[in-house]
Participant: 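Okay, here's the structure, questions in a sec.
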Amino acid sequence: MTVLYEDNHIIIVNKESGEIVQGDKTGDTPLSDVVKAYIKERHAKPGNVFLGVVHRLDRPVQGTVVFAKTSKALTRLNSMFAHHADNSGPLTPDEIRKTYWAVTRNTPRKPEGTLRHWLVRNEKQNKSYATPWTPAGKPPRNAKLAELHYRVIDRSDRYTLLEVELLTGRHHQIRAQLAAMGCPIKGDLKYGAQRSNPDASISLLARKVEFIHPVSKEHIKVEAPLTPQFKIFNKQ
């Protein structure tokens with residue numbers, strides 16, 4: 001586990017592909033337990049350690065994960081994570097800006113754009129299905145509006161690097177929406193990739209998280225380190 005930022009109220013760590021953020025039916029040790037053990041040992045905490053899970057990343061995804069170390073921070077961070085900000089203006093204290101990098105085999109027809117879909121989650125398949133969104137259209141049953149902004153950062157001989165800003169937070173949103181655009185993420189067999197990555201990851205990185213600290217009001221901006229599959233590109 002790599003700690004990217006820590007203070008009295010918040011800890012931000014780099015999640016590796018294959019780790020789960022919170023416990024599930026697999027019984028595997030979650031990242032939240034690893035962080036708790038780190039806090040307990042590093043700060044010699046007696047008794048149980050408080051740690052609030054603010055958000056999650058899918059198991060094959062890597063990058064920044066924010067945890068709350070106090071109940072005060074947890075309440076405020078939960079509210080902030082419900083309001084995603086784009087890059088069109090300055091951050092407000094009740095917003096959070098999450099930026100992802102995705103490697104895709106195909107290149108979007110437009111170098112930059114905003115995607116809007118209706119997303120329907122299938123619990124049994126653990127998969128979300130994207131259908132086109134129109135202003136006057138009727139949403140499918142149990143659908144939620146999903147919105148993101150993407151832009152092409154770079155290309156290699158075989159792949160395209162996209163920067164993605166989430167404007168809503170839905171289950172498998174980036175994976176489903178990029179696949180619906182015809183650009184499935186490298187290694188993501190569930191959403192249309194032709195082959196898996198050797199380490200079972202998908203080429204999706206929670207690259208950056210940015211927000212106004214809920215207690216100190218400082219501007220926090222944290223970036224995840226690049227793994228080799230992202231270092232093949234020149235424009236870092």
Side-chain angles (χ1 to χ4, degrees), residues 1-24 26 28-43 45 49-70 73-74 77-78 80-81 84-85 91 96-104 148 153-154 159 161-166 169 171-175 185-188 196-214 216 218-233 235-236:
M1 182 193 74
T2 303
V3 177
L4 303 175
Y5 174 87
E6 184 180 8
D7 62 26
N8 290 335
H9 295 277
I10 293 171
I11 183 169
I12 304 175
V13 303
N14 183 52
K15 174 190 170 302
E16 301 290 344
S17 170
E19 292 181 317
I20 53 174
V21 174
Q22 198 170 27
D24 63 9
T26 65
D28 294 343
T29 301
L31 183 58
S32 56
D33 282 1
V34 176
V35 176
K36 280 184 180 180
Y38 160 84
I39 293 172
K40 186 176 182 65
E41 180 178 354
R42 178 175 174 81
H43 301 288
K45 291 273 189 180
V49 172
F50 177 89
L51 190 76
V53 177
V54 179
H55 67 119
R56 297 166 182 82
L57 292 181
D58 297 338
R59 188 165 196 154
V61 179
Q62 54 223 296
T64 57
V65 178
V66 181
F67 293 99
K69 293 172 64 177
T70 64
L74 177 61
L77 284 169
N78 280 335
M80 291 163 64
F81 267 83
H84 295 79
L91 277 170
I96 195 135
R97 183 174 290 143
K98 294 166 66 180
T99 304
Y100 291 76
W101 280 11
V103 178
T104 63
L148 62 78
I153 300 177
D154 201 2
Y159 299 108
L161 178 63
L162 303 180
E163 182 177 79
V164 177
E165 296 172 40
L166 277 181
H171 176 259
H172 290 187
Q173 178 180 338
I174 298 175
R175 300 167 67 181
I185 295 169
K186 180 177 177 290
D188 197 357
S196 61
N197 288 338
D199 62 356
S201 70
I202 65 174
S203 299
L204 181 61
L205 173 71
R207 174 62 169 155
K208 181 172 63 178
V209 63
E210 188 175 1
F211 56 93
I212 305 301
H213 196 290
S216 70
E218 294 179 70
H219 183 195
I220 305 298
K221 180 179 177 181
V222 176
E223 290 189 347
L226 298 179
T227 56
Q229 59 188 315
F230 294 94
K231 290 181 178 179
I232 64 173
F233 298 94
K235 298 176 183 177
Q236 311 302 343

Participant: Taking all heavy atoms of Ala224 and all of Leu205, pick out the closest pair and write down the distance.
Facilitator: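 For Ala224 versus Leu205, the nearest heavy atoms are CB-CD1, 4.1 Å.
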Participant: Taking the inter-plane angle between the rings of Trp101 and Phe230 on a 0 to 90° scale, is it parallel (under 30°), tilted (30 to 60°) or perpendicular (over 60°)?
Facilitator: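 Tilted.
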Participant: Less than 4.0 angstrom from a charged side-chain N to a carboxylate O is my criterion; do Lys69 and Glu6 meet it?
Facilitator: yes
Participant: I need the Thr70 OG1 to Leu51 CG distance, nearest 0.5 Å.
Facilitator: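 Atom-to-atom, Thr70:OG1 and Leu51:CG are 10.5 Å apart.
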Participant: List the atom of Lys36, the atom of Val49, and the distance in Å for their closest heavy-atom pair.
Facilitator: CE-O, 3.7 Å
Participant: With a 3.5 Å cut-off and no angle check, do the side chains of Lys186 and Asn197 form a donor-acceptor pair?
Facilitator: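 Judged by distance alone, the side chains do pair up.
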Participant: Flag the pair His219 / Glu210 as yes when at least one side-chain heavy-atom distance between them is below 4.5 Å, and no otherwise.
Facilitator: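 SC-SC contact between His219 and Glu210 confirmed.
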Participant: How about Thr2 and Pro225: do any of their side-chain heavy atoms sit closer than 4.5 Å?
Facilitator: no
Participant: Ignoring hydrogens, what is the shortest heavy-atom contact between Met1 and Val35? Give both atom names and the distance.
Facilitator: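 Distance-wise, the nearest heavy atoms are SD-CG2, 3.5 Å.
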Participant: Does the side chain of Lys98 come within less than 4.5 Å of Val164's, by heavy atoms?
Facilitator: no
Participant: Please round to the nearest 0.5 Å and tell me the distance separating atom OG1 of Thr29 and atom CG of Leu31.
Facilitator: 10.5 Å
Participant: Minimum heavy-atom separation for Gly23 and Pro30, please, with both atom names.
Facilitator: N-CB, 3.4 Å
Participant: For the residue pair Gln173 / Tyr100, report whether a side-chain donor-acceptor contact shorter than 3.5 Å exists.
Facilitator: no
Participant: Could you tell me whether Asn8 atom CG has more than 12 heavy atoms of other residues or ligands within 6.0 Å of it?
Facilitator: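 12 or below, so no.
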Participant: If we check side-chain contact (heavy atoms from CB on, under 4.5 Å) with Ile174, which of these qualifies: Val61, Leu162, Leu148?
Facilitator: Leu148
Participant: Is there a donor-acceptor pair under 3.5 Å between the side chain of Lys15 and the backbone N or O of Arg59?
Facilitator: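 Flag set: sc Lys15 to bb Arg59 pair under 3.5 Å.
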Participant: Got a donor-acceptor contact below 3.5 angstrom from the Thr64 side chain to the Ala206 backbone?
Facilitator: yes
Participant: Take Val21 and Phe67 through the side-chain contact (heavy atoms from CB on, under 4.5 Å) test and state the conclusion after the steps.
Facilitator: CA-CA 10 Å; Val21 174; Phe67 293 99; 4.0 Å; yes
Participant: Could you tell me which non-hydrogen atom of Ser201 sits nearest to which non-hydrogen atom of Gln229, and how far apart they are?
Facilitator: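 Closest pair (atom of Ser201, atom of Gln229, distance): OG-NE2, 3.6 Å.
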Participant: Drop me the distance from His9's NE2 to Leu77's CG, to the nearest 0.5 angstrom.
Facilitator: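 His9 atom NE2 to Leu77 atom CG measures 10.5 Å (nearest 0.5 Å).
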Participant: Considering non-hydrogen atoms only, spot the tightest contact between Gln62 and Ser17 and give its length.
Facilitator: CB-N, 4.0 Å
Participant: Determine yes or no for a side-chain-to-main-chain donor-acceptor pair under 3.5 angstrom, with His213 supplying the side chain and Ile220 the backbone.
Facilitator: no
Participant: If you count heavy atoms of other groups shown closer than 6.0 angstrom to CD of Glu41, is the number above 12?
Facilitator: no
Participant: Side chains of Val209 and Tyr5: does their closest heavy-atom pair fall under 4.5 Å?
Facilitator: no
Participant: What's the separation between atom CG in Leu161 and atom OH in Tyr159, rounded to the nearest 0.5 Å?
Facilitator: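 Taking CG in Leu161 and OH in Tyr159, the distance rounds to 13.0 Å.
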Participant: How long is the straight-line distance from CG of Asp188 back to OG of Ser203, given to the nearest 0.5 Å?
Facilitator: 9.0 Å
Participant: In the structure I gave you, are the side-chain heavy atoms of Tyr38 and Val13 within less than 4.5 Å of one another anywhere?
Facilitator: no
Participant: Are the side chain of Lys208 and the backbone N or O of Glu223 linked by a donor-acceptor pair below 3.5 Å?
Facilitator: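 It does not hold such a pair.
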Participant: What's the verdict on salt bridge (charged side-chain N to carboxylate O under 4.0 Å, His left out) for Asp24 and Arg56, showing C-alpha distance, side-chain angles and the deciding distance?
Facilitator: CA-CA 12 Å; Asp24 63 9; Arg56 297 166 182 82; over 6 Å; no
Participant: Report the distance from atom CG of Leu57 to atom CG of Leu204, rounding to the nearest 0.5 Å.
Facilitator: 8.0 Å
